[in-house]
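Let me begin by presenting the structure, written as structure tokens, before commenting on it.
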Amino acid sequence: MNHFAVMFWLGSLFLTSLEQKDPPSNEETRPNILFILTDDQGYHDVSYYGTSDIRTPHIDQLASSGMRFDNFYANSTVCSPTRAALLTGRYQDRVGVPGVIRTHQENNWGYLDPKATLVGNELKRTGYATALIGKWHLGLESPNTPTERGFDHFHGWLGDMMDDYWEHRRHDINYMRLNEKEIDPQGHATDLFTEWSVDYIKKKGRDEQPFFLYLAYNAPHFPVQPPKDWLDRVVKREKGIDSTRAKLVAFIEHMDDGIGKVVKALKDSGQYDNTIIVFTSDNGGHMPSKANNGPLRDGKQSMYEGGLKVPTCVSWPNKIKPGSSNQKLLMSMDFYPTLLEIAGTAPKNTLDGQSFYPELLGQNKLNTTERELYFIRKEGGTRYGGQNIYALRKGDWKLLQNSPYEPYELYNLKNDPMEKQDLLSIEPEKYRELNTVLMQHIQMGGRTPWQRPE
């Protein structure tokens, strides 16, 4: 073989090796996304934190196979605001949802900005199929229904809470839908959402398009209604358990079993290895239902830590180190930019959330030490009078109020994680500093209308 032939042969081998090492196309590498959101699940109402009276093996498996987030905050203390922040990547008042969206206008405290871009819109733009199964709670009519706000497929509940998990009504109104069509299925809502998710996953296993499935359970939001066999099992196993607590434990364990079935569908259809699975809750646990918020103070509706911190974990085979944990200060709205980065795109609009994609890969690049976490809730009734309550966390410090008629409270969470010692009168400079920051957030949110236009 002459000199030129040898050079040509070596060059061909080199080019062939480069071709073989090229990464697969973006379409092939983008993972499916299964995003599981539960409703009012307490910070320690998962057995992976060692809670002794509850068993959540399938949620535990997500945590042990991926990364657990121990300082993860819901954007608000109640449903709609957190969901608005989660799906827009913005603080909830900046997209028109400072409070809960309800059926009757006199008790309605939010209207999703029709101009806001939702994560489903962005993922559709990059080629994802998008589906919402379960609870929407961001609008009851056009233009704010799921299929108008970025979801190709909607099979679930438009409204807020269900008055009964078998009857599926709220104020005697049926809010159950298949896309735009009213439906009246039979069965427990948790089972229905599980079955519909399994069906969707199996269907998507037959095509190559990546999917984003947002599975939003109503459970364990009150009324706490577990199937009888699940309650009997808990009562038999947990001798002497409080009857109210027993119902909640059974309710969550029933839902956990559903989550297991959904994950199994991913495995059975060969999609598990290319699916990132997120698990989180929309706010802290409901104390009258005997939720367990761990060592934290208070629960749902409260700006104390028990109302805001939620159990959160992310699983992604061969990407996230199994059994890892993360202590960064993160919020619901941070999922938006994170999921877009995973999908290989960037948001086209300005966000308040920040991507923690590098954290999932163990790169530990995100500095949240002095991050400003802002919380707002608007509500009616005699306790709130249509006004807002606020909280702001910055570093170790937290400024909060749980009533618009009472003074703010100031805590150092590093020294006082249970929020027992109010330092407002002792640290006036810190109070002024945080109050100035909080007012800036309030001014920005106040520019966005939150009432339905006439």
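Given the structure is predicted, the values throughout are model-derived calculations rather than measurements.
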* Show your working on side-chain hydrogen bond (donor to acceptor under 3.5 Å, both in side chains) between His286 and Gln301 and close with a plain yes or no. => CA-CA 8 Å; His286 184 239; Gln301 303 191 47; 5.1 Å; no
* Please say whether more than 12 non-hydrogen atoms of neighbouring residues, nucleotides or ligands are located less than 6.0 Å from CZ in Arg55. => no
* **Tyr374 and Tyr91 aromatic ring geometry - parallel, tilted or perpendicular at 30°/60° bounds** => perpendicular
* Output yes when Asp268 and Lys264 qualify as a salt bridge under the 4.0 Å nitrogen-oxygen rule, no when they do not. => yes
* Asked: Hey, does Val119 have a side-chain heavy atom less than 4.5 Å from the side chain of Leu340?
  -> yes
* To do: State whether the number of non-hydrogen atoms from other residues, nucleotides or ligands found under 6.0 Å of Lys247 atom NZ is greater than 12.
  => no
* Please say which of Arg393, Arg297, Lys398, Lys309 ends up in a salt bridge (charged side-chain N to carboxylate O under 4.0 Å, His left out) with Glu419. => Lys398
* When the ring centroid of Tyr111 is compared with that of Trp450, is the distance short of 6.0 Å? -> no
* Rounded to the nearest 0.5 Å, what separation is found between the CD1 atom of Ile252 and the CG atom of Asn292? -> 9.0 Å
* Looking at Tyr336, is Arg90 sitting on its ring face, NZ or CZ under 6.0 Å from the six-membered ring centre and within 45 degrees of the normal? -> no
* To do: State, yes or no, whether a side-chain contact exists between Tyr390 and Asn388 at a heavy-atom distance under 4.5 Å.
  => yes
* Asked: Can you tell me how far the CE atom of Met303 sits from the CD atom of Glu305, to the nearest 0.5 Å?
  -> 11.5 Å
* Asked: So with a 6.0 Å cut-off around CG of Asn415, is the heavy-atom count from everything else above 12?
  -> yes
* Asked: If we only count heavy atoms from C-beta on, is the Tyr165 to Pro223 side-chain gap below 4.5 Å?
  -> yes
* Asked: When rounded to the nearest 0.5 angstrom, what is the spacing between OG1 in Thr130 and CG in Asp152?
  -> 3.5 Å
* Taking NZ, NE, NH1 and NH2 as the nitrogens, is one of them in Arg377 or Glu379 under 4.0 Å from a carboxylate oxygen of the other? -> yes
* Are Arg432 and Glu427 ion-paired here, with the side-chain N under 4.0 Å from a carboxylate O? -> no
* **Worked verdict on Ser76 versus Thr82 for side-chain hydrogen bond (donor to acceptor under 3.5 Å, both in side chains)** => CA-CA 5 Å; Ser76 186; Thr82 293; 4.8 Å; no
* Asked: Say you draw a straight line from NZ of Lys135 to OH of Tyr214; how long is it, rounded to the nearest 0.5 Å?
  -> 9.0 Å
* Could Lys300 and Asp282 be called an ion pair, given the rule that one side-chain N must be under 4.0 Å from one carboxylate O? -> no
* Distance flag, aromatic centroids of Tyr43 and Tyr49, threshold under 6.0 Å -> yes
* Is the number of heavy atoms from other residues, nucleotides or ligands under 6.0 Å of Lys319 NZ greater than 12? -> no
* To do: Could you tell me whether Asp334 and Arg371 have a side-chain N and a carboxylate O separated by less than 4.0 Å?
  => yes
* Asked: Is Lys328 salt-bridged to Glu359, cutoff N-O under 4.0 Å?
  -> yes
* Asked: Does the distance from a Lys or Arg side-chain N to an Asp or Glu carboxylate O, for Glu195 and Lys261, drop under 4.0 Å?
  -> no
* Centroid-centroid under 6.0 Å between Phe335 and Tyr357 rings -> no
* Do Arg245 and Asp45 sit within salt-bridge range, that is, some charged N less than 4.0 Å from a carboxylate O? -> yes
